Amino acid sequence: MNHKKLAQSIMELVGGNDNINTAIHCSTRLRLTLKNPDVAKTAEIKNLDGVIGAVNSGGQYQVIIGNDVGYVYNELAKMMDTQQSSEVQEKKKADYSPKGLFNTFASVIAGIFQPIIPAIAASGMLKALLLLATVTGLMSKESQTYTVLSVMSDAAFYFLPVLLAYSSANKFKTNPFVAVLFAGIMLHPNMIGLLGGEDPVSFIGLPVASVQYASSVVPIILTVWFMSYIERFADKVSPGPVKIFLKPLIVILIVAPIALIVLGPLGMYLGTGMSNLIYWIQDKIGWLTVVIMAILMPLIVMFGMHKVFYPIIFAALASPGYETLVLVAMLASNMAQGAGALAVSFKTKDVKLKQVALSAGISGVFGITEPALYGVHLRLKKTLFACMIGAGIGDCSQGL
């Protein structure tokens, strides 16, 4: 695959550099925010060598490329007038329709959570390896080696507010280092000790809720979102000669107290509420909830909407420490699609399809299903339905 040629073709077919507001990428998709999505020639993009599929969803024009997406993105970024990290968007009239609001929400969630996935995935895999090592007797939980590795695997989850502060700041166009400062305030040992004590805490006479922010999700996102507005105000009222220290000082003095008194507790309640909603649904429908989710997961992924589940997943992992719906459904769907692609690779006589299916099958088993979905199952149709049925049957075992 010629990555530079592919990037150039994609840029031309989406309307050129002038039609691209932002460009980011996830594990398999090039995610573009276009000024006018109608200009994009989707049919021609899908026919490009190296492109698995294309869809306009969640406020983003998504080009599914597969494992080489990072290389294509780098070439595209070189061709763009703006820097890779730039996300300066053209001001346009807000769409307050249900579809518009959902697209905005999906775009924000994807933009915040996608950058931190590698750190979370690596930590989760390290936790799994540690568990395997202790179960097989290769390592003792009492050893210092285990303790060090355990800390390494826990760090991304414990300091999740720090990771989210940085990615949220980039999404909300505000200072990422000041945003990280607020995560540091929430996680400071003295703050943890103060909020975890028996005595009630107050600040300038106002009560501060006893909340532990380690591994939390929603509080820091709300805080950084609020900070993005206060920073603009501080920028306007700060004189030029003292702006370098007065602007962030104003931001800290306004945002930090409101975060601790209002936004932090509100965020924790929202996060807990999302987790409770999942458990309520499972209580009402039972194990059938997971089955339905597993069956529909390929369709959800097809339109890039699986990102909206990130807040629910992370909130559940923070409290009570596990998630029994979305992740379970995703696992069954991933295994089914990966196995289905491997089966196609074994059975087909089409050399090109065999190669695509083999690579896609391996990626699917390890959790990246877009190559299998777009490169194999949507092309063959029958295998897609077989994988959906297989995922549903796989999750039926949870209720038996």
Side-chain angles (χ1 to χ4, degrees), residues 94 96 101-102 104-113 116 157-176 178-188 190-234 250-281 307-321 323 326:
Y96 293 107
L101 291 174
F102 179 79
T104 300
F105 173 74
S107 178
V108 169
I109 294 302
I112 291 174
F113 285 90
I116 72 171
F157 295 99
Y158 184 88
F159 292 104
L160 186 58
V162 177
L163 302 179
L164 289 172
Y166 190 86
S167 62
S168 297
N170 288 332
K171 186 62 183 178
F172 295 132
K173 317 295 186 302
T174 191
N175 190 308
V178 177
V180 169
L181 172 62
F182 291 116
I185 293 172
M186 293 177 174
L187 298 174
H188 194 285
N190 289 347
M191 183 63 69
I192 292 175
L194 184 65
L195 297 179
E198 296 180 357
D199 298 329
V201 180
S202 64
F203 179 78
I204 57 174
L206 298 174
V208 179
S210 180
V211 175
Q212 296 299 310
Y213 293 104
S215 303
S216 63
V217 175
V218 184
I220 191 63
I221 295 176
L222 290 179
T223 298
V224 176
W225 170 75
F226 178 63
M227 169 196 158
S228 67
Y229 289 95
I230 299 302
E231 187 178 55
R232 297 171 199 169
F233 163 76
I250 293 173
V251 172
I252 294 171
L253 290 177
I254 294 177
V255 176
I258 293 178
L260 293 174
I261 296 170
V262 180
L263 298 178
L266 175 61
M268 290 300 293
Y269 295 143
L270 289 174
T272 303
M274 287 189 292
S275 298
N276 291 338
L277 176 62
I278 293 297
Y279 297 129
W280 180 83
I281 294 174
K307 307 296 183 184
V308 301
F309 293 114
Y310 285 160
I312 296 174
I313 293 171
F314 283 98
L317 291 177
S319 176
E323 200 281 322
V326 182

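Note that the numbering runs from 1 along the sequence shown for the chain. This structure is a prediction, so every number in the text was calculated from the model and none was measured.
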*Asks:* Please list, chain by chain and in numerical order, all residues satisfying ring pair (Phe, Tyr, Trp, His ring centres under 6.0 Å) with Tyr158, sequence neighbours excluded.
*Replies:* none
*Asks:* Considering residues at least two apart in sequence or located in another chain, which fulfil the side chain to side chain contact (heavy atoms under 4.5 Å, CB included) criterion with Phe203?
*Replies:* Val208, Pro257, Ile261
*Asks:* Report the residues that fulfil side-chain hydrogen bond (donor to acceptor under 3.5 Å, both in side chains) with Thr174, sequence neighbours left out, ordered by chain and then residue number.
*Replies:* Glu231
*Asks:* How far apart are the closest heavy atoms of Ser216 and Leu164, and which atoms are they?
*Replies:* O-CD1, 4.1 Å
*Asks:* For the residue pair Ala179 and Ala169, what are the closest heavy atoms and their distance?
*Replies:* CB-CB, 3.7 Å
*Asks:* For Leu195 and Ala209, which heavy atoms make the closest approach, and how far apart are they?
*Replies:* CD2-O, 3.6 Å
*Asks:* Are any of the side-chain heavy atoms of Phe233 and Ile254 separated by less than 4.5 Å?
*Replies:* yes
*Asks:* So, for Leu222 and Leu270, which heavy atoms are closest and what is the spacing to 0.1 Å?
*Replies:* CD1-CD1, 4.2 Å
*Asks:* Under 3.5 Å, side chain of Ser215 to main-chain N/O of Phe157, donor-acceptor pair present?
*Replies:* yes
*Asks:* Taking side chain as C-beta onward, heavy atoms only, is Ile192 less than 4.5 Å from Gln212?
*Replies:* yes
*Asks:* Would you check if Tyr213 and Ile220 make a side-chain contact, meaning some heavy-atom pair closer than 4.5 Å?
*Replies:* no
*Asks:* Any side-chain heavy-atom pair from Phe172 and Ile112 closer than 4.5 angstrom?
*Replies:* yes
*Asks:* At what distance, to the nearest 0.5 angstrom, does CD1 of Ile116 lie from OG of Ser168?
*Replies:* 8.5 Å
*Asks:* If every non-hydrogen atom of Leu160 is compared with every non-hydrogen atom of Val217, which pair is closest and at what distance?
*Replies:* CD2-CG2, 3.8 Å
*Asks:* When rounded to the nearest 0.5 angstrom, what distance separates CG in Leu263 from CE in Met268?
*Replies:* 13.5 Å
*Asks:* For the atom pair OG (Ser228) and CG (Asn175), what is the distance rounded to the nearest 0.5 Å?
*Replies:* 12.0 Å
*Asks:* Identify, with sequence neighbours excluded, every residue that meets side chain to side chain contact (heavy atoms under 4.5 Å, CB included) alongside Val255.
*Replies:* Phe182, Thr223, Phe226, Met227, Ile230, Val251
*Asks:* Go through the structure and list residues passing side chain to side chain contact (heavy atoms under 4.5 Å, CB included) with Val180, not counting sequence neighbours.
*Replies:* Val162, Ala165, Tyr166
